[in-house]
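Note that ligands are numbered from 1 as they come in the structure, with each ligand's atoms numbered from 1 the same way. FYI, the numbering just counts along the sequence from 1.
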Amino acid sequence: MHINWFPGHMAKAQRMIREQLKLVDVAIELLDARIPAASANPVIDEVVGDKPRVVVLNKADLAEPEGTERWLAFFRAAGREAIAVESLGGGGTKQLAARVEKAAAPMLAKLAAKGIRPRAVRAMILGIPNVGKSSLINRLLGTATVRTGDKPGVTRGQQWLKIGRNLELLDTPGVLWPKLEDQEAAFRLAITGAISDEVFDREKVVAVLLDMLRREYPDRLTARFNLTGPLPEDGLELLAQVGKRRGCLRGGGAVDYEKAGRIVLSEFRDGKLGRYTLDYPPE
Ligand SMILES: Nc1nc2c(ncn2[C@@H]2O[C@H](COP(=O)(O)OP(=O)(O)OP(=O)(O)O)[C@@H](O)[C@H]2O)c(=O)[nH]1
Ligand SMILES: [Mg+2]
């Protein structure tokens with residue numbers, strides 16, 4: 001199975017981002033704390049150039065705390081501003097505005113030296129679909145101003161939002177890259193919800209996910225789905241057990257694999273199967 005997703009609105013968004021970047025002071029690179037490697041756009045260095053950049057690991061509530069600490073240390077060792085946040089619960093978001101203003105401080109100092117009155121810092125939020133860009137903006141605003149949703153591709157246009165007096169943020173549509181070369185990374189993007197469920201074979205993705213869970217976290221699977229005895233190695237059989245436990249049955253008592261697969265995927269994404277960090281920084 002080959003996973004790839006780059007619809008027309010993303011190509012358009014990518015062009016718009018390049019245009020708008022010229023107008024902003026700071027780029028906020030929003031990564032998924034569960035997959036900081038897979039969720040990082042490989043062309044971001046070239047796109048952002050030498051503009052100040054703040055790396056934000058969102059959905060930290062869904063990632064393993066130790067993994068998040070290691071990633072923060074990794075980015076900071078590379079000389080980058082990095083912070084972990086939970087845009088839904090609010091954790092870490094208060095410190096973010098301060099980090100962004102700090103990143104913009106040299107620019108403001110330059111303006112001041114020229115005798116220009118200080119203005120609000122302009123920042124753009126970049127990130128893959130569904131990583132929580134709009135949720136983060138709403139959290140900073142304190143109101144549900146921009147549309148969010150539990151599927152990728154919700155934001156389609158750009159929108160400036162004023163956060164207090166000193167910060168203006170640009171919400172952007174999530175962008176993936178035209179070719180997902182690394183298919184293991186593509187798989188992680190699929191299970192965490194960055195790729196539209198319509199473009200990949202859900203059954204295959206669920207099979208790989210279940211296999212990973214069975215090998216590395218069998219106790220979590222057993223506990224969550226009330227399974228008994230040793231877990232079957234065959235993915236389909238395991239899915240059948242889950243389906244039976246959750247009443248996913250068709251007429252005649254046959255397991256509805258489609259429905260069972262959707263349950264596994266959505267509970268994994270919602271953190272009901274525990275917290276996971278699926279990418280680790282290089283040693
Ligand atoms: N658990 C958890 N869920 C989050 C967090 N931030 C956002 N979400 C959820 O992630 C989903 C996507 O959020 P959005 O803010 O719409 O994501 P986006 O990056 O703007 O997505 P696009 O506009 O499609 O590119 C929503 O269901 C949010 O509730 C977080 O920190 N933790
Ligand atoms: Mg959005």
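At distances below 3.5 Å, not a single donor-acceptor pair connects side-chain atoms of Asp256 with backbone N or O atoms of Leu249. Between the Arg139 side chain and the Leu88 main chain, a donor and an acceptor come within less than 3.5 Å of each other. For Lys133 (side chain) and Ile128 (main-chain N/O), a donor-acceptor pair under 3.5 Å exists by modelled atom type. Within the 3.5 Å criterion, the main-chain N or O of Val146 finds a donor-acceptor partner in the side chain of Asn138. Asn41 places no side-chain N or O within donor-acceptor distance of the main-chain N or O of Gly127, the cut-off being under 3.5 Å. A donor-acceptor contact shorter than 3.5 Å is absent between the side chain of Thr148 and the backbone of Ser135. Counting only distance, with no hydrogens or angles, the side chain of Arg245 and the backbone of Asn226 share a donor-acceptor pair below 3.5 Å. A donor-acceptor pair under 3.5 Å is absent between the side-chain atoms of Arg275 and the main chain of Glu64, judged by distance alone.
Seen from the ring of Tyr276, Arg220 counts as a face-on cation partner, given the 6.0 Å and 45° thresholds.
Only the backbone of Pro152 comes within 4.0 Å of ligand 1, counting heavy atoms alone; no side-chain atom from C-beta on gets that close. Counting heavy atoms under 4.0 Å from ligand 1, residue Asp270 does not touch it at all. Within the 4.0 Å heavy-atom criterion, the part of Asp61 lying near ligand 1 is the side chain and not the backbone.
Within ligand 1, counting atoms from 1 as listed, the ones closer than 4.0 Å to a heavy atom of Leu62 are 1 (N). Atoms of ligand 1 found under 4.0 Å from any heavy atom of Gly174 (numbered from 1 in listed order, with element): 25 (O). The contact set between ligand 1 and Gly153, taken as ligand atoms under 4.0 Å from a residue heavy atom, comprises 24 (O). Here is the list of ligand 1 atoms found below 4.0 Å of a heavy atom in Gly149: 11 (C), 12 (C), 13 (O), 16 (O), 26 (C), 27 (O). In summary, the atoms of ligand 1 found under 4.0 Å from a heavy atom of Asp150, numbered by their order in the structure, are 27 (O).
Of the protein's non-hydrogen atoms, Asn58 ND2, 3.2 Å is the one closest to atom 6 (N) of ligand 1. Protein heavy atom nearest atom 4 (C) of ligand 1, with residue, atom name and distance: Leu88 CG, 3.4 Å. When hydrogens are left out, the protein atom nearest atom 7 (C) of ligand 1 is Ser135 OG, 3.4 Å; that is the closest non-hydrogen contact. Among all protein heavy atoms, the one lying closest to atom 31 (O) of ligand 1 is Ser87 N, 2.8 Å. For atom 17 (O) of ligand 1, the closest non-hydrogen atom on the protein side is Gly132 N, 3.1 Å.
Within the 4.5 Å cutoff, no side-chain heavy atoms of Leu21 are placed close to those of Arg18. You'll find the side chain of Leu239 reaches within 4.5 Å of the side chain of Leu210, heavy atoms only. Using a 4.5 Å cut-off on side-chain heavy atoms (C-beta onward), Leu238 and Leu213 make no contact. Counting heavy atoms from C-beta on, the side chains of Val121 and Leu108 come closer than 4.5 Å.
For the pair Thr155 and ligand 1, the shortest N or O to N or O distance falls below 3.5 Å. Taking distance alone, with nitrogen or oxygen atoms compared against 3.5 Å, Asn130 approaches ligand 1 more closely than that limit. Ligand 1 has no nitrogen or oxygen under 3.5 angstrom from a nitrogen or oxygen of Ala60. The shortest N or O to N or O distance between Leu136 and ligand 1 is not under 3.5 Å.
Take the Mg ion (ligand 2) and draw a sphere of radius 2.8 Å; the protein N/O/S atoms inside it number 2.
By the 4.0 Å N-to-carboxylate-O rule, Asp279 lies close enough to Arg188 to be salt-bridged with it. Using a 4.0 Å cut-off between charged nitrogen and carboxylate oxygen, Asp45 and Arg53 count as a salt-bridge pair.
The closest non-hydrogen atom to atom 25 (O) of ligand 1, taken over Met10, Lys133, Glu86, Lys59, comes from Lys133.
For the pair Pro129 and ligand 1, a heavy-atom separation below 4.0 Å is found.
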